[in-house]
2 protein chains.
Amino acid sequence: MVDAPGTPIALHRLPEVLTAEPARLRALSHLRRFRREQDIYVQEERTDTWYRVVSGAACKYLMRTDGRRQLVDIYLPGDLFGFTARLLHRFAVQAVAEGTLIACYPRHRVEALAEEDAETALEIRIQIVEALERLQEQLLVTTTMTAQEKVREFLFYFHRRLSTGTGNGLALPISRYDIADILGISAETVCRAFTDLQERGVISLLGPRRIRINRR
Amino acid sequence: MVDAPGTPIALHRLPEVLTAEPARLRALSHLRRFRREQDIYVQEERTDTWYRVVSGAACKYLMRTDGRRQLVDIYLPGDLFGFTARLLHRFAVQAVAEGTLIACYPRHRVEALAEEDAETALEIRIQIVEALERLQEQLLVTTTMTAQEKVREFLFYFHRRLSTGTGNGLALPISRYDIADILGISAETVCRAFTDLQERGVISLLGPRRIRINRR
DNA sequence: CGCCCAATTGAACTGCATCAAGATTCGTGG
DNA sequence: CCACGAATCTTGATGCAGTTCAATTGGGCG
């Protein structure tokens with residue numbers, strides 16, 4: 001246990017993603033850094049905090065009775081998560097990338113702010129709706145596409161969300177197994193899809209965790 | 001075209017589902033009745049209205065390039081839908097039951113009300129979050145379960161949402177094809193699951209659209 | 001009563017999971 | 001800096017759940 005859960009981080013050097021949110025909302029947050037597979041919150045935990053990914057990636061998941069982990073959503077920099085209508089969390093969220101940085105907001109203070117500040121209320125509503133639409137897109141992907149189409153769609157999505165414009169390809173923050181769990185297919189099938197897509201010239205594998213997208 | 005799209009309905013005899021919402025929100029609504037497969041709103045339509053199912057059922061769907069209809073969510077009495085962060089709708093919503101009754105809310109007036117009335121803002125946030133959680137459950141169902149488990153889970157969900165306590169079984173408002181599209185399986189597989197579940201004694205088929213749930 | 005759509009059943013095919021065995025990469029400590 | 005071990009990633013072979021195509025039955029409504 002090198003890192004205690006959610007080590008607090010100094011607030012200087014604010015990453016760019018945080019500067020986009022309203023200052024009054026940002027003032028309520030504090031930052032924590034998480035290791036890979038470290039839980040940000042767990043099932044049955046009280047829903048008294050909201051979170052936003054600053055850097056890295058996190059995923060919402062459920063432990064199945066057979067011991068396997070089922071992913072329901074994946075959060076990338078800028079995404080707000082942790083809100084619910086319940087008292088206790090139905091799903092857990094853990095970091096999938098090493099050193100994932102998370103901004104934490106005390107729920108009651110955010111809701112109090114939303115009650116008096118319409119801009120904050122709108123920002124929250126937009127974030128929740130965006131989570132909803134991400135989920136709809138994912139549902140569309142997992143129910144209608146073949147395994148290869150799922151992987152292709154997933155890579156395009158990551159490219160849209162993460163491309164830095166540096167041109168040395170796209171760095172995937174997550175493993176094949178994570179990708180498989182998100183798409184509802186096996187890790188082996190993900191591998192085969194990667195190689196097939198490369199043979200078709202759609203992508204180039206620069207390394208296991210680094211790819212280039214050639215064409216859509 | 002017997003019925004023009006969204007025939008207005010008199011406001012007397014308000015169904016029970018509407019009495020639960022805040023009076024100030026209800027005051028903004030007007031009712032419309034829809035026929036089976038009639039669109040409530042379509043893709044690319046402006047997102048200037050929100051809706052709530054009063055009776056019957058509706059589904060959110062997308063027309064695929066191969067002409068097939070892909071369902072993303074299903075709305076039952078009490079569910080609020082139509083909100084988005086976009087200017088235009090990405091998905092369409094149509095009635096799946098004959099004579100589905102929908103309450104319509106002008107978006108700008110609801111948002112203006114939400115801005116000054118914290119209770120309304122909270123009600124909206126809760127509804128959106130509930131849509132989100134429905135979708136997460138559905139994602140879990142479609143990605144992890146076998147076809148027969150999906151159908152069983154679907155029937156139990158409908159039972160929870162629609163059971164009237166009359167005891168003559170559960171009336172399904174939608175066709176096998178609709179069920180298949182929601183669960184991401186073929187209609188034939190849905191049929192086979194129905195008969196298998198009956199043979200196992202889990203359900204009884206009283207008619208094509210009427211079942212009884214015997215045990216879980 | 002007869003038509004039409006919905007529901008059901010059957011048979012052959014296929015994409016993906018699963019099991020198994022290597023190949024690479026990465027982190028860790030010497 | 002290098003070497004070792006443990007993940008992670010890749011590739012192959014087999015089996016099966018579910019799709020697809022096709023035909024038949026059944027119900028509801030004019």
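In the text below, chain A, chain B and the rest are named by the order of the sequence lines, each starting its count at 1. As a basis for the values below, the full set of heavy atoms in this structure was taken, side chains included, without hydrogen atoms, waters or symmetry mates. Note that the structure is a prediction, hence the values are computed from the model and not measured.
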For D/dT11, take OP1 and OP2 only and decide whether either is under 4.0 Å from a side-chain N or O of A/Thr195.
yes
Need to verify one output field. Residue with the more 5' nearest nucleotide on DNA chain C, A/Thr146 or B/Ala187?
B/Ala187
Start at the 5' end of DNA chain C and walk down; is the nucleotide closest to A/Ala147 or to A/Glu188 reached first?
A/Ala147
Just checking A/Tyr177: base, sugar-phosphate only, or nothing, at a heavy-atom cut-off of under 4.0 Å?
base
Is any side-chain nitrogen or oxygen of B/Thr189 closer than 4.0 Å to OP1 or OP2 of D/dT19?
yes
Does A/Arg192 put a side-chain nitrogen or oxygen below 4.0 Å from OP1 or OP2 of D/dT10?
no
Figure out the CZ/P separation between B/Arg176 and C/dC5, and round it to whole Å.
18 Å
Considering only C/dA6, D/dC9, D/dT20, which nucleotide approaches the side chain of B/Arg36 most closely?
C/dA6
In terms of side-chain heavy atoms, does A/Arg161 have a donor or acceptor partner in A/His159 at a distance below 3.5 Å?
no
Calculate the interatomic distance between B/Leu206 atom CG and D/dG28 atom P; express it in whole Å.
12 Å
Distance in angstrom units between A/Leu172 CG and D/dC9 P, rounded
9 Å
Distance check needed: D/dT11 P versus A/Asp196 CG, whole Å only.
9 Å
N/O (side chain, B/Arg209) to phosphate O (OP1/OP2, D/dG26) under 4.0 Å:
no
Answer yes if the side chains of B/Arg36 and B/Gln94 hold a donor-acceptor pair under 3.5 Å, and no otherwise.
no
Do A/Gln198 and A/Ser204 meet the criterion of a side-chain donor-acceptor pair at a distance under 3.5 Å?
no
Which atom of B/Ala85 lies closest to which atom of A/Val129, heavy atoms considered:
N-CG1, 3.4 Å
With a non-hydrogen cut-off below 4.0 angstrom, is A/Ser175 in contact with a base, only sugar-phosphate, or nothing?
sugar-phosphate
Using whole Å, report how far NZ of A/Lys150 lies from P of C/dG15.
14 Å
Any donor-acceptor N or O pair under 3.5 Å, side chains B/Asp178, B/Tyr61
no
Rounded to the nearest Å, what distance is computed from the CD1 atom of residue A/Ile185 to the P atom of nucleotide C/dG15?
15 Å
Length of the line joining B/Ile211:CD1 and C/dT8:C1', which is rounded to integer Å:
16 Å
Distance in angstrom units between A/Leu205 CG and C/dT24 C1', rounded
13 Å
Examine the base of C/dC16 for any acceptor or donor lying under 3.5 Å from a partner atom in the side chain of A/Gln148, and report the outcome as yes or no.
no
